[in-house]
Structure formats: structure tokens, C-alpha cells
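Since we're looking at a predicted model, the values are computed, not measured.
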Amino acid sequence: NFDDSISKRSYKAIELTVEKRFSGNWQALANYTLSRAFGNVFADYASTLYDFPGDTCSPVGIGPMPCVDAEGANHYGIAGFDRTSIFNAFVAYTASLPVVNITAAPSFNVQSGLPYQRQRSFAAPDNSRPIYFYDQRGDERLPTTYQLNFALEGTFKPFGNGALSLVGGPVEIGLKA
């Protein structure tokens, strides 16, 4: 067991959202989120805070490893799920027909790539090849992702004020840059 008073995590973000309903059955929404997630304890691969404790760099059951490379790089840094920038845009049009309302809605999403850090393996006394990080957590990022979606909804009005909806989608197109 350990003293978890050194366990740290933080998430800070700001989101800006703009929504507008227009005449003629149009509506639009756009938002941008700027955020950062940091810490030293996460539920992702090889993130246990005590994998490489203190100056000894001797994980329990594994033995010594290259301490200079791993010291600090395996502790505090950017979370593996951090998306620094996210932008979403959505527009919809609803056509009102006598028996059905049909809504078509494309949306667009751009997200910064997920962070990662380079890894090395080393020969342990038990002949296994444990892996450790030799760069700071989140030192590198995967490519930015782009996604275009399209949804179509039909709302049937056979019962006067009652309605029955049928939704199709989303149809997705994803790109990486």
C-alpha cells in the first residue's frame, strides 16, 4: 500500500457555444472547447504511479531498469485522453409537409490528436521485456481527426398533435490530417 497524497489529476477547460434558430426552419450550432488534462495516475496502459518508484527504478517483481531515462517521464504529464482542441458545427433544416416533418442535419467535428509518449523495453532479470516511457507523458500527439456526419429524421403526424419519429444516421465520413 502507498500514501496516495502524491496522486494528482487536473482538468481545466473553457467552452464557447453559439446557437441560432433562423426563420424558414433553419438552425445552427457551433462550439469550441479548449482543455487540458494532466496528472500522474490514470487508468490507461502503464500509468500506475508506482511502476518506477523513487531513485531505485526497481519495479517490484521486475528489478532494476535505466533510471535516468524513466525518472520523471513516467510520472506527471498530459493524460492519454486529453483532447486540447475540439470544434463542432451543426446545421439543420426541417421541411414541414402535411403528414411528415423531414429534418436533414449534417455536422462537422475536428479534434486534436490524442497524446502519447515513446516507449522502450528493457531486459528484466526474469527474461521478460517490460516497457517504460522515456519521454514525458503526452510528449507526442497523433494526427488531428476530422469527421463529417449526416442524419435524417422523419416525424410523422398521423394523430393530430401526436407524432411518430423515424431517425436514420449518422452516416460518417472520417479523415485524419
CD1/Ile14: more than 12 non-hydrogen atoms of other groups inside 6.0 Å:
no
Within the 4.5 Å heavy-atom criterion, are Phe38 and Ile78 side-chain neighbours or not?
yes
Could you tell me if the side chain of Thr103 sits less than 4.5 Å from the side chain of Tyr93, heavy atoms only?
no
Flag yes if [X] and [Y] sit in one hydrophobic cluster, no otherwise; membership is Ile, Leu, Val, Met, Phe, Trp, Tyr, and two members link when side-chain heavy atoms are under 4.5 Å apart.
{"X": "Phe150", "Y": "Phe90", "value": "no"}
{"X": "Tyr146", "Y": "Tyr32", "value": "yes"}
{"X": "Leu152", "Y": "Phe156", "value": "yes"}
{"X": "Val91", "Y": "Phe108", "value": "no"}

As an exercise, state the distance from OG1 of Thr17 to CG of Asn31, rounded to the nearest 0.5 Å.
4.5 Å
What's the separation between atom CZ in Phe81 and atom OH in Tyr11, rounded to the nearest 0.5 Å?
9.0 Å
Who are the side-chain hydrogen bond (donor to acceptor under 3.5 Å, both in side chains) partners of Thr33, not counting sequence neighbours?
none
Considering all heavy atoms of both residues, which atom of [X] and which atom of [Y] are nearest to each other, and what is their separation?
{"X": "Ser112", "Y": "Thr144", "answer": "CA-OG1, 4.2 Å"}
{"X": "Ser85", "Y": "Leu34", "answer": "OG-CD1, 4.2 Å"}
{"X": "Asp82", "Y": "Arg36", "answer": "OD1-CA, 3.2 Å"}
{"X": "Pro115", "Y": "Ala79", "answer": "CG-O, 3.0 Å"}

Heavy-atom donor-acceptor pair, [X] side chain to [Y] backbone, under 3.5 Å:
{"X": "Ser35", "Y": "Arg83", "result": "yes"}
{"X": "Ser107", "Y": "Ala89", "result": "no"}
{"X": "Arg141", "Y": "Gly113", "result": "yes"}

Is there a side chain to side chain contact (heavy atoms under 4.5 Å, CB included) between Ile86 and Asn109? Walk through the geometry before answering.
CA-CA 7 Å; Ile86 301 173; Asn109 171 276; 3.9 Å; yes
Go through the steps for Ile102 and Leu97 under the test side chain to side chain contact (heavy atoms under 4.5 Å, CB included), then give the verdict.
CA-CA 8 Å; Ile102 297 174; Leu97 304 174; 4.0 Å; yes
Exercise answer: donor-acceptor pairs, residues 21-28 side-chain atoms, under 3.5 Å, sequence neighbours excluded:
unit_1 : atom_1 : unit_2 : atom_2 : d
Arg21  : NH1    : Gln27  : OE1    : 3.1
Asn25  : ND2    : Thr94  : O      : 3.1

